[in-house]
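Below: one structure, written as structure tokens.
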Amino acid sequence: MADRGDERGRDRDFRVLMGHAHGFMVSQPVQVLFAACDLGVFDAAARGPVCADVVARAAGADPRATRLLMDTCAGLGLLRRAGPGEGRSSFANTRLSDTFLVVGSPLSQCSMLRYLAGTPYRCWAHLADAVRDGRDQYARAVGVDAEDPFAAIYRSEADRVLFTRALQETWSLCGRRVLTAFDLSPFRVICDVGGGSGALAREAARLYPGSTVTVFDTPEVVGSQLRPPGDEEEAGPRVRFIAGDFFRAPLPPADLYVLARVLHDWGDAACEALLRGAHRAGGPGSAVLIVERVLEAGGAGPPEALLLSLNMLLQTRGRERTEAEYRELAARAGFPRLRLRRPGGPYEAMLARK
Ligand SMILES: C[S@@+](CC[C@H](N)C(=O)[O-])C[C@H]1O[C@@H](n2cnc3c(N)ncnc32)[C@H](O)[C@@H]1O
């Protein structure tokens, strides 16, 4: 009996091991997505059903290979067959691809996919090296070896624009949720620290019309000020940009400092320095709104957050943290009262007050 029990246990362990080892095959739809976006498949299908030859001609790609790619997209639910049978059948977008994979769609995630393909995906090939070295893998992945991870992320003008656009896309989907997790209307002056293109700041200005919002980011990012189309009239006048290095320059005075996906880029000492900067610059009663994906108590899950933490190892100086860890960081910087809310979606919101 004991032997059979051992065997069953071993079989289970083997299945788990092989599941993890073959995981790269399961994750290959990501490559199909990157390739199809890159070749403009979904943009072509957004104009009506289209066959592979037409897409191939427009993309300068091989027709047979394009057909194989589009067949696979259909198999993955990214396209549907709009015409019958074999040969020259045409394909149309599904609801998913129409919503998220067409460049001009308001909820488009195309820049995020391009960024994931161009930078994180390349870093992930060096995970074992990252664990050995205990640091990011930009030198191996993209040939840039710099102290500041953003020197690698922003290694060219095109890469900087792509990253900023990619991050902006998240907020078209979940900006409102994280900004309404708490009632922020009492905060009349808001500063989005490391606020990138200002997509979240604009959403804040729209949601809280009594507030003015400042984005504080690097001179290069502020210089380009990528504005989401159509946003200028409604939120524009109440959103302004200030350029600076948030580790060196004082932050502008504000009632609320937003740190969205910023603290997970940095080690504890740097996070504490950033939070102390917000504490110094904020008036009495000021607060910080931290927006991050938060690990479960004890740091044992969820798996997506643990994987993101490994991504942070590969790309930054930081990691994902538990609520208790954020609470401790905030308290050390002078914000002793932190509350966490889960508004649904990938990010949690934590409001910490002075
Ligand atoms: C991971 S991104 C988050 C952007 C934005 N908060 C969001 O969630 O979409 C980090 C941001 O911090 C900015 N950043 C990095 N180092 C900085 C520095 N030393 N001073 C000011 N901004 C910096 C980057 O330019 C980038 O916009």
Side-chain angles (χ1 to χ4, degrees), residues 109 111-112 115-116 119-120 123 136 138 146-157 159-179 181 190-204 213-228 231 239 241-252 254 256-267 269-278 281 288-294 308-309 311-321 343 345-350:
Q109 302 295 309
S111 301
M112 179 53 91
Y115 161 69
L116 289 172
T119 304
C123 291
D136 72 75
Y138 290 120
E147 240 339 276
D148 181 355
F150 284 89
I153 297 176
Y154 298 161
R155 58 195 176 278
S156 72
E157 171 74 9
D159 283 298
R160 185 175 51 66
V161 169
L162 182 64
F163 178 77
T164 313
R165 275 194 213 285
L167 291 208
Q168 173 176 301
E169 286 173 351
T170 311
W171 300 128
S172 57
L173 205 62
C174 9
R176 172 177 283 266
R177 280 191 223 164
V178 298
L179 290 170
I190 300 175
C191 176
D192 190 359
V193 182
S197 71
L200 194 62
R202 278 167 217 288
E203 191 65 51
V213 190
T214 303
V215 174
F216 188 97
D217 210 294
T218 64
E220 299 75 27
V221 169
V222 167
S224 70
Q225 287 190 21
L226 292 164
R227 290 178 180 196
D231 269 7
V239 176
F241 288 77
I242 296 182
D245 178 340
F246 54 39
F247 290 123
R248 294 169 195 275
L251 296 175
L256 178 73
Y257 295 91
V258 178
L259 286 158
R261 300 188 286 189
V262 168
L263 296 184
H264 76 163
D265 291 339
W266 306 102
C271 288
E272 208 182 310
L274 272 174
L275 288 163
R276 277 190 196 286
V288 286
L289 181 74
I290 300 169
V291 178
E292 295 285 0
R293 191 169 293 190
V294 177
L308 193 60
S309 209
N311 190 71
M312 292 301 119
L313 166 70
L314 287 157
Q315 288 203 259
T316 69
R317 300 278 172 272
R319 63 189 173 91
E320 304 310 320
R321 295 177 172 87
Y347 296 104
E348 277 82 49
M350 291 165 280

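Counting begins at 1 with the first residue of the sequence. What you see below is based on every heavy atom in this structure, not just the backbone, and it leaves out hydrogens, waters and symmetry mates. Just so you know, ligand 1 is whichever comes first in the structure, and atom 1 is the first atom listed for that ligand.
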* To do: For side chain to side chain contact (heavy atoms under 4.5 Å, CB included), just list the numbers for Ser172 and Gln109, CA-CA rounded to whole Å, side-chain angles, deciding distance to a tenth of an Å, and then say yes or no.
  => CA-CA 9 Å; Ser172 57; Gln109 302 295 309; 4.2 Å; yes

* Asked: With atoms numbered from 1 as shown, which atoms in ligand 1 lie under 4.0 angstrom from a non-hydrogen atom of Gly196?
  -> 27 (O)

* Non-hydrogen atom of Gly244 closer than 4.0 Å to ligand 1 -> yes

* Asked: What distance do Arg160 atom CZ and Thr218 atom OG1 have between them, rounded to the nearest 0.5 Å?
  -> 7.0 Å

* In the protein, what heavy atom is nearest to atom 27 (O) of ligand 1, and what distance, to one decimal place, separates them? -> Asp217 OD2, 2.7 Å

* Asked: Any N or O of Ala260 that comes nearer than 3.5 Å to an N or O of ligand 1?
  -> yes

* **Shortest non-hydrogen contact from Val222 toward Asp217** => CG2-O, 3.6 Å

* **From CA spacing to verdict: ring-ring contact (aromatic ring centres under 6.0 Å, His included), Phe163, Tyr154** => CA-CA 8 Å; Phe163 178 77; Tyr154 298 161; 5.8 Å; yes

* Asked: Under 4.0 Å from ligand 1, counting heavy atoms only, is it the side chain of Asp265, its backbone, both or neither?
  -> side chain

* Structure fact -> Shortest non-hydrogen pair, Cys191 vs Phe216, comes out as SG-CB, 4.0 Å

* Any N/O of Trp266 closer than 3.5 Å to an N/O of ligand 1? -> no

* Among all protein heavy atoms, pick the one closest to atom 2 (S) of ligand 1 and tell me residue, atom and distance. => Leu167 CD1, 3.4 Å

* For atom 7 (C) of ligand 1, closest protein heavy-atom neighbour -> Trp171 NE1, 3.3 Å

* Do any N/O atoms on Tyr154 end up under 3.5 angstrom from N/O atoms on ligand 1? -> yes

* Judging by distance only, is a nitrogen or oxygen of Asp192 under 3.5 angstrom from one on ligand 1? -> no

* Is Asp136 paired with Arg317 through a side-chain N to carboxylate O contact shorter than 4.0 Å? -> yes

* Shortest protein heavy-atom distance from atom 23 (C) of ligand 1, along with the residue and atom involved -> Phe246 CE2, 3.2 Å

* Asked: Can an N or O of Gln168 be found at a distance shorter than 3.5 Å from an N or O of ligand 1?
  -> no

* Determine yes or no for a side-chain-to-main-chain donor-acceptor pair under 3.5 angstrom, with Gln315 supplying the side chain and Cys123 the backbone. => no

* Asked: Would you say Glu292's side chain and Val262's backbone share a donor-acceptor pair under 3.5 angstrom?
  -> yes

* Can an N or O of Gly194 be found at a distance shorter than 3.5 Å from an N or O of ligand 1? -> yes

* Looking only at protein heavy atoms, which one is nearest to atom 1 (C) of ligand 1, and how far off is it? -> Arg261 O, 3.1 Å

* Structure fact -> Under 4.0 Å between heavy atoms, the region of Asp245 that gets near ligand 1 turns out to be both

* To do: Take Asp265 and Met312 through the side chain to side chain contact (heavy atoms under 4.5 Å, CB included) test and state the conclusion after the steps.
  => CA-CA 7 Å; Asp265 291 339; Met312 292 301 119; 4.1 Å; yes

* Asked: Which ligand 1 atoms are under 4.0 Å away from a heavy-atom of Val221?
  -> 25 (O)

* Asked: Between Glu169 and Arg165, does at least one N-O distance fall below 4.0 Å, as a salt bridge requires?
  -> no

